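Take a look at the structure below.
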Number of protein chains: 2
Amino acid sequence: MARSNKERTEATRLALIEAARRLFVDRGYADTATPDIVAEAGVTRGALYHHFEDKKALFRATLEREAEAVAAHIDTVSLPAGSPREALLLGAAAYFDAMAVPGRTRLLLLEAPAVLGFESAGAIDRDNAEGTLKAGLSDLIGKGADAARLQALTDLISAAFDRAAIAIETGADRKAYEDAVASLLDGLVRA
Amino acid sequence: MARSNKERTEATRLALIEAARRLFVDRGYADTATPDIVAEAGVTRGALYHHFEDKKALFRATLEREAEAVAAHIDTVSLPAGSPREALLLGAAAYFDAMAVPGRTRLLLLEAPAVLGFESAGAIDRDNAEGTLKAGLSDLIGKGADAARLQALTDLISAAFDRAAIAIETGADRKAYEDAVASLLDGLVRA
DNA sequence: CAATAAACATACAATCTGTATGTTTCTATC
DNA sequence: GATAGAAACATACAGATTGTATGTTTATTG
């Protein structure tokens, strides 16, 4: 064969992450055993524990990959921006698109907080989406608002986005939720 | 001693639920072992598995107890209602009060969805808070709105409430979050 | 071409969950 | 109030899982 160590590492890490993602998505973190993961990935537990400190570290790696994919998708779309309102609505739509990939809401919004805790899971969000959202909201409501208020609003709207994404993947009427999001944002303009 | 069976059952069930609550709150469901629970409760695993089908059933029982406590607290306060807006804001404040009991957000908003799944966890919500909230929102925005839109709005506002409760327990400025909630609701009136 | 390290494999110890089986305590009925 | 039966509890066990320790193979480096 003659693969370099870097290639070997990359290949097995990827195989493990992809296998883990599949199993985590349809059984959940707790009900997925490491022997199953390595079987699905075609490696042994030795390889798993060589590349990851423990099962939780593997989960964290799959989450990071997933969050990056979401961020990447959003980045491709949100460039053309008109009014602050339009920008936010486009961003929301892009977020819903990105989160529509099967299993994504489960991984990022359901399992992640429980497995990693509010803080660590929130940190992943913060690195990715939250900054953009906060900036958008700041544009929307005007620079006048103080920091605490802007932070609170961002947090609440972010939660609404997440819930909408969940509802949409669960089979709810997407248009109804996009309209509801728009209502919330429109309400803020006046306030 | 001479305790009736009903008394014995009630006592051990309660001891188990309270012990489980303590441990679930500060270690999480996954990191809490049944031997620890029964030790804390002063019974044996035999008793646990006699009264509950499995560990998950015990968790469900603690959750139900917790959700009832929240509902009970809210019921005591939300009786005096002026305008729809006032009613919702009072309800929100009552909810934040109720959720300020240590561990409650973790149990109800973090662990529950992950352990029981979106559906079962959502069902507990639906039995308790959601109906009231939906009625309040219906009063706020007028009866004109169609069902899908009202449902979506309820869902989103409910998510915002939950996130606010989490932020508040995590140490955020409560007033900022209550104001933000008020902003969201006020925005809906006009829309 | 050694010698070292990285990548992987296997074996093991500790723990945990759920069940099966045994014992004690109450309840019901004669 | 003695006895049969059931409910409540205790103990013992089987299977599975996690993380570690110990080998073995494959690549890298001087």
Side-chain angles (χ1 to χ4, degrees), chain A residues 1-63 111-112 114-117 120, chain B residues 1-63 111-112 114-117 120:
Chain A
M1 289 242 181
R3 287 185 306 170
S4 82
N5 270 350
K6 181 167 286 190
E7 286 170 327
R8 293 212 310 168
T9 291
E10 195 121 350
T12 57
R13 277 185 60 100
L14 191 66
L16 280 168
I17 289 179
E18 289 182 338
R21 201 211 108 106
R22 279 192 290 276
L23 295 176
F24 287 154
V25 163
D26 65 61
R27 300 184 200 171
Y29 175 82
D31 291 341
T32 301
T34 54
D36 293 342
I37 298 174
V38 300
E40 173 100 2
V43 304
T44 67
R45 276 167 35 86
L48 194 169
Y49 281 92
H50 177 73
H51 289 288
F52 299 95
E53 189 180 341
D54 54 12
K55 188 183 162 188
K56 202 173 284 188
L58 172 57
F59 180 69
R60 211 174 297 124
T62 74
L63 272 194
E111 303 274 350
V115 176
L116 305 180
S120 310
Chain B
M1 291 237 178
R3 287 185 306 170
S4 83
N5 270 349
K6 183 168 286 191
E7 286 170 328
R8 293 213 304 169
T9 291
E10 195 122 348
T12 57
R13 277 186 60 100
L14 192 65
L16 280 168
I17 288 178
E18 289 180 340
R21 202 211 108 105
R22 280 192 290 275
L23 295 176
F24 287 156
V25 163
D26 64 60
R27 302 185 200 169
Y29 175 83
D31 291 341
T32 301
T34 55
D36 293 342
I37 297 175
V38 299
E40 173 100 2
V43 302
T44 65
R45 276 168 34 86
L48 193 168
Y49 281 91
H50 177 73
H51 289 288
F52 300 94
E53 190 180 341
D54 54 13
K55 187 183 164 189
K56 202 173 285 188
L58 172 57
F59 180 70
R60 211 174 296 124
T62 75
L63 271 193
E111 303 274 350
V115 175
L116 305 181
S120 309

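Throughout, protein chains are lettered first and strands after them, A, B, ... in sequence-line order, and every chain is numbered starting at 1. It should be emphasised that the depicted structure is a prediction, and the values quoted were computed from it without experimental measurement.
- Atom NE2 in His50(B) sits roughly 13 Å away from atom P in dA6(D) (whole-Å rounding).
- One atom, NZ of Lys56(A), and another, C1' of dG19(D), lie 13 Å apart when rounded to the nearest Å.
- Side-chain nitrogen and oxygen atoms of Ser4(B) include none within less than 4.0 Å of the OP1 or OP2 phosphate oxygen of dC26(C).
- Annotation for Ala41(A) and Ala15(A): closest pair CB-O, 3.6 Å, computed over non-hydrogen atoms.
- For Thr12(B) and dC9(D), the shortest distance from a side-chain N or O to OP1 or OP2 is below 4.0 Å.
- To the nearest 0.5 Å, the span separating OG1 on Thr34(B) from CZ on Arg45(B) amounts to 4.0 Å.
- Asp31(A) places its CG atom 13 Å from the P atom of dT17(C), with the value rounded to the nearest Å.
- The distance from atom CZ of Phe52(A) to atom C1' of dT18(D) is 16 Å, rounded to the nearest whole Å.
- Put simply, CZ on Arg8(A) is 8 Å from C1' on dT25(D), counting in whole angstrom units.
- With distances taken from any side-chain atom of Thr44(A) to the nucleotides dT27(C), dT10(C), dT25(C), the minimum falls on dT10(C).
- The side chain of Arg45(B) has dT19(C) as its nearest neighbour among dC26(C), dT19(C), dG19(D).
- Checked against dT17(C), dC9(D), dA7(D), the side chain of Ala47(B) finds its nearest nucleotide in dC9(D).
- Closest approach of Phe52(B) and Ala61(B) over heavy atoms only: CE2-CB, 3.7 Å.
- Nearest to the side-chain atoms of Asn5(B) among the listed nucleotides dG18(C), dT27(C), dT18(D) stands dT27(C).
- For Thr32(A) and Arg27(A), the side-chain atoms include no donor-acceptor pair closer than 3.5 Å.
- Among the nucleotides dG19(D), dT18(D), dT17(C), the one closest to any side-chain atom of Asp54(A) is dG19(D).
- Rounded to whole angstrom, the span from the CD1 atom of Ile37(B) across to the C1' atom of dT15(C) amounts to 15 Å.
- Environment of CD in Glu18(A): crowded, with over 12 heavy atoms of neighbouring residues, nucleotides or ligands closer than 6.0 Å.
- One interatomic measurement links the two molecules: NE2 of His51(B) to C1' of dG18(C), which rounds to 17 Å at whole-angstrom precision.
- In this structure, Arg27(A) atom CZ and dA16(D) atom C1' are separated by 14 Å, rounded to whole Å.
- Looking at the side chain of Thr34(A), the nearest of the listed nucleotides dA7(C), dT25(C), dT18(D) is dT18(D).
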